[in-house]
K.L.:
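Got a structure for you, questions after.
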Amino acid sequence: MEVLVLGAGGFDNEGLPFNSFLIDGHLLVDCPPDILVSLGREKIHLSAIDSVFVSHTHGDHLFGLPFLLFHFWKRGLVPPRLVGPFDLKEALLAVAALAIDPGHPYIPWIKASCRFEVVGGGKAQALAGSAPEFYRTWHSKETWGLGLRRGGRLLFQYIPDTYWDPGRLAYLGLGAELLVCDVNGSGGVKSVHMSREDLEDALAGLSAPESPGLAPVAALGTHLSAWLEEGKGRLGTVHPGMVLGLGKDRRDALLDELAAYAEAYAGRAEEGRNAGKISSFLKAQAMAFSRSCLEGHITGSAFIVNPARNRSLFVSHKKLGRWLQPGGHCEEGETAFEAACREAREETGLEVSPLLGARLFDIDVHPIPAREGVPAHLHYDLRYLFMAEEGGETASEESHAVSWLGFDEAMARNTEASIRRPMEKLKLKDLP
């Protein structure tokens, strides 16, 4: 898991970017007024965001959401899931109406197209490929913290606005790998927000070997009024642009994805064989993501559908002389999903929106012929599903043309199982 810090400021602050985080490039945690500035500073494509968690509806956590969603409405993209407290929808609609105009068509679009999930309203759906857990905090509005757990491990724990209460120890004792917590009470009003001293004292108590709880490996303060001097305790502070890597590396994360994919398609021999081949390759090759691995390498592909979901976007590949989905090699440090997002934009000129988040849509192992001094090798291809509006697509230098094709037409132009299988899935709406 990768956590990108977008900002660290609270409601009353001295010009700091407001508190917000981006998880694995597609889960936005809180949406403050300056969110578009913060995302732009980090060169984040807004359409990559498929989920937004809003801890509560105070303005420093919510007021950027109408502007973020306007980007999706204006470009005809699938809006992200909106997860938050019971009053999130009502508050968002009120703010959006003030931001633009109550009669603007953007407002009914929010009502009709945005999916709201109320925290505490039932079993929570996965966020950023993780099992979420939510923590009620002590604040003037209904406020929820967020934990993200993978493989049973609590990797990320975010505790937003709250004053100190001994009940917080139950949260801290869960043993997250990274805890990010409001410490705005330092030098401020402790009846509204906890202080760094409150949190450091609690962490010191949890760090004793006999403690039944496990102290976090790292603890960082956020929601600041001004930059704090780094303390002598275990608690640091977040800074915009800080990138925090947690849990498994991209190889282990992909092995987990493949296991989940194989389970989703249990009983289908071809799917199981491909998942097994890719998993074995990942375990055997230290350079599996690099094209310098001459046996083969991991690649990321994008199957892009239109809003009606009856056509898919293909490019006429110059080197291979075939109509293929956009895709290509992973750059340094990239996951297959990130490579698929980048290649989709580079090869079509369109903004794309993930329809399954970072979950696999299809997988394939296929040979690439020798050319230009590169021996024949295999592409272990991880495929993801995206949506984009028709119109405005442009071919890259690697392609003769780019075209929207009906599923049957796509299979007629390329009869191999590598294309036929995902097209059949789209026709039958057979998604993992």
Side-chain angles (χ1 to χ4, degrees), residues 25-26 43-50 71-78 291 297-331 334-358 360-364 366-369 371-372 379 381-427 429 431:
H26 57 97
K43 297 180 173 58
I44 302 299
H45 288 278
L46 303 190
S47 55
I49 297 171
D50 63 18
H71 174 94
F72 286 82
W73 173 80
K74 183 74 172 179
R75 292 156 182 80
L77 299 174
V78 176
R291 63 195 307 173
H297 27 262
I298 297 294
T299 55
S301 285
F303 281 87
I304 306 170
V305 295
N306 61 351
R309 304 195 189 186
N310 58 7
R311 283 149 63 92
S312 188
L313 192 59
F314 282 80
V315 297
S316 177
H317 204 283
K318 286 181 179 179
K319 290 182 179 179
L320 297 176
R322 296 158 59 195
W323 285 92
L324 298 170
Q325 76 281 4
H329 299 94
C330 298
E331 294 185 350
E334 268 190 333
T335 65
F337 174 71
E338 290 167 341
C341 289
R342 175 179 51 76
E343 292 283 355
R345 296 187 183 100
E346 290 177 357
E347 293 192 36
T348 70
L350 296 178
E351 287 201 71
V352 297
S353 179
L355 288 178
L356 299 174
L360 287 166
F361 163 63
D362 190 70
I363 58 177
D364 196 70
H366 51 261
I368 301 297
R371 67 175 187 276
E372 299 174 3
H379 275 183
D381 199 33
L382 289 307
R383 281 93 176 269
Y384 302 88
L385 186 62
F386 299 87
M387 193 205 79
E389 287 284 341
E390 295 191 45
E393 57 274 1
T394 56
S396 70
E397 294 181 356
E398 298 178 356
S399 306
H400 293 296
V402 57
S403 182
W404 290 95
L405 305 178
F407 303 147
D408 290 332
E409 183 181 1
M411 288 188 283
R413 295 196 188 191
N414 192 331
T415 60
E416 296 181 3
S418 178
I419 298 296
R420 178 171 293 277
R421 183 184 56 253
M423 290 298 100
E424 291 287 358
K425 287 181 181 178
L426 291 174
K427 284 180 65 175
K429 297 181 174 58
L431 304 180

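Fair warning: this is a prediction, and the values are worked out from it, not measured in the lab. Basis for what follows: all heavy atoms, side chains included, without hydrogens, waters or symmetry-related copies.
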K.L.:
According to side chain to side chain contact (heavy atoms under 4.5 Å, CB included), who are the partners of H71, at least two apart in sequence or on a separate chain?
P.N.:
L46, R75, L77, E351

K.L.:
Using side chain to side chain contact (heavy atoms under 4.5 Å, CB included) as the criterion, list what pairs up with E389, not counting sequence neighbours.
P.N.:
P307

K.L.:
Name the one of L350, L355, I304 that satisfies side-chain contact (heavy atoms from CB on, under 4.5 Å) with M387?
P.N.:
L355

K.L.:
How many angstroms lie between atom CD1 of I298 and atom NE2 of H329, to the nearest 0.5 angstrom?
P.N.:
11.0 Å

K.L.:
Hey, could you give me the CD1/NE2 distance between I368 and H297, rounded to the nearest 0.5 Å?
P.N.:
7.5 Å

K.L.:
Please report the interatomic distance CG(L426) to CG(D362), rounded to the nearest 0.5 Å.
P.N.:
9.0 Å

K.L.:
Do the side chain of S47 and the main chain of V352 share a donor and acceptor less than 3.5 angstrom apart?
P.N.:
yes

K.L.:
Which residues pass the side chain to side chain contact (heavy atoms under 4.5 Å, CB included) test with A395, sequence neighbours left out?
P.N.:
S399, V402

K.L.:
Hey, could you give me each pair passing salt bridge (charged side-chain N to carboxylate O under 4.0 Å, His left out) that has a residue in residues 405-416? Not counting sequence neighbours.
P.N.:
R322-E416, D408-K427, E409-R413

K.L.:
Looking at residues at least two apart in the chain, or sitting in another chain, which of them share a salt bridge (Lys or Arg N to Asp or Glu O under 4.0 Å) with D381?
P.N.:
R383

K.L.:
Quick check: closest heavy atoms across A48 and P354, and the distance to 0.1 Å?
P.N.:
O-CG, 3.9 Å

K.L.:
Using modelled atom types only, decide if a donor and an acceptor are shared between the side chain of S316 and the backbone of W323 within a distance under 3.5 Å.
P.N.:
no

K.L.:
With sequence neighbours excluded, what pairs up with R309 under the salt bridge (Lys or Arg N to Asp or Glu O under 4.0 Å) test?
P.N.:
none

K.L.:
Are H26 and I49 close enough that some pair of their side-chain heavy atoms sits under 4.5 Å apart?
P.N.:
no

K.L.:
Can you give me the closest heavy-atom contact between A302 and A340, atom names plus distance?
P.N.:
CB-O, 3.8 Å

K.L.:
Taking atom CG of L382 and atom SG of C330, what is their separation to the nearest 0.5 Å?
P.N.:
7.5 Å

K.L.:
L313 and E390: side chain to side chain contact (heavy atoms under 4.5 Å, CB included), yes or no, with the steps?
P.N.:
CA-CA 9 Å; L313 192 59; E390 295 191 45; over 6 Å; no

K.L.:
So, using salt bridge (Lys or Arg N to Asp or Glu O under 4.0 Å) as the criterion, who are the partners of E393 when residues are at least two apart?
P.N.:
none

K.L.:
Quick one: CG on L356 to CG on D50, what's the gap to the nearest 0.5 Å?
P.N.:
9.5 Å

K.L.:
Under the ring pair (Phe, Tyr, Trp, His ring centres under 6.0 Å) rule, what pairs show up with a residue in residues 384-411, not counting sequence neighbours?
P.N.:
F337-Y384

K.L.:
What residues form a side chain to side chain contact (heavy atoms under 4.5 Å, CB included) with N310, not counting sequence neighbours?
P.N.:
N306, A308

K.L.:
For R342, give me all partners under salt bridge (Lys or Arg N to Asp or Glu O under 4.0 Å), at least two apart in sequence or on another chain.
P.N.:
E331, E334, E346

K.L.:
With D364, which residues qualify under side-chain hydrogen bond (donor to acceptor under 3.5 Å, both in side chains), at least two apart?
P.N.:
H366, S418, R421

K.L.:
For residues T415 and R420, report the shortest heavy-atom separation together with the two atoms involved.
P.N.:
O-NE, 3.9 Å

K.L.:
Go through the structure and list residues passing ring-ring contact (aromatic ring centres under 6.0 Å, His included) with F314, not counting sequence neighbours.
P.N.:
none

K.L.:
Hey, could you give me the OG/CE distance between S312 and M423, rounded to the nearest 0.5 Å?
P.N.:
4.0 Å

